[in-house]
Amino acid sequence: MSTVSTASQGEVDISAAAALMADPSRAAALMELTDGRALPPSELAEVAGVSRSTMSEHLAKLQQAGFLAVERGGRNRYYRLAGPQVATAVEALAALAPRAEVHSL
């Protein structure tokens, strides 16, 4: 098996990116943002089923890793995917992921 590398960046560690996406709350937030919208932490927290403070921690990690960009609108912050490559990666993983059974009406 070969190691992926580029001359300017060295070896690529996909496990770090995969670990960030592996958390169900972060994955839910990333999936919600694949349509290009910028959303506040409160809305992303609701989608993920976590508190706003927990989602804020997740968003900070994703932003620090370069997955998200933040926009300020008055006193609010709105998060969006940092670029189309992030959406492509999330959508590729979604295509590979097993489908969860629906347990509600």
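All values derive from a computational prediction rather than experimental measurement.
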Suppose we screen for side chain to side chain contact (heavy atoms under 4.5 Å, CB included). Which residues come up paired with Met31, at least two apart in sequence or across chains? Val90, Ala94

Who are the side chain to side chain contact (heavy atoms under 4.5 Å, CB included) partners of Gln85, not counting sequence neighbours? none

How long is the span from the [atom1] atom in [X] to the [atom2] atom in [Y], to the nearest 0.5 Å?
| X | Y | atom1 | atom2 | answer |
| --- | --- | --- | --- | --- |
| Leu39 | Glu46 | CG | CD | 11.0 Å |
| Ser56 | Lys61 | OG | NZ | 12.5 Å |
| Leu44 | Leu59 | CG | CG | 5.5 Å |

Any side-chain heavy atom of Ser25 within less than 4.5 Å of one from Val50?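 A side-chain contact under 4.5 Å exists here.
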
For residues [X] and [Y], report the shortest heavy-atom separation together with the two atoms involved.
| X | Y | value |
| --- | --- | --- |
| Val70 | Arg77 | CG2-CB, 3.9 Å |
| Tyr79 | Pro41 | CE1-CG, 3.7 Å |
| Ala19 | Arg26 | O-NH2, 3.7 Å |
| Ala65 | Leu20 | CB-CD1, 3.2 Å |

Audit row: Leu68, Val86, side chain to side chain contact (heavy atoms under 4.5 Å, CB included) steps and yes/no: CA-CA 8 Å; Leu68 298 179; Val86 179; 5.9 Å; no

When you measure from the side chain of Arg80 to the backbone N and O of Leu33, does any donor-acceptor pair fall under 3.5 Å? no

Please check if the number of heavy atoms outside Glu71 that lie under 6.0 Å from its CD is greater than 12. yes

Same cluster for Leu81 and Leu93 if Ile/Leu/Val/Met/Phe/Trp/Tyr side chains link at under 4.5 Å?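 The answer is yes; both residues are in one hydrophobic cluster.
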
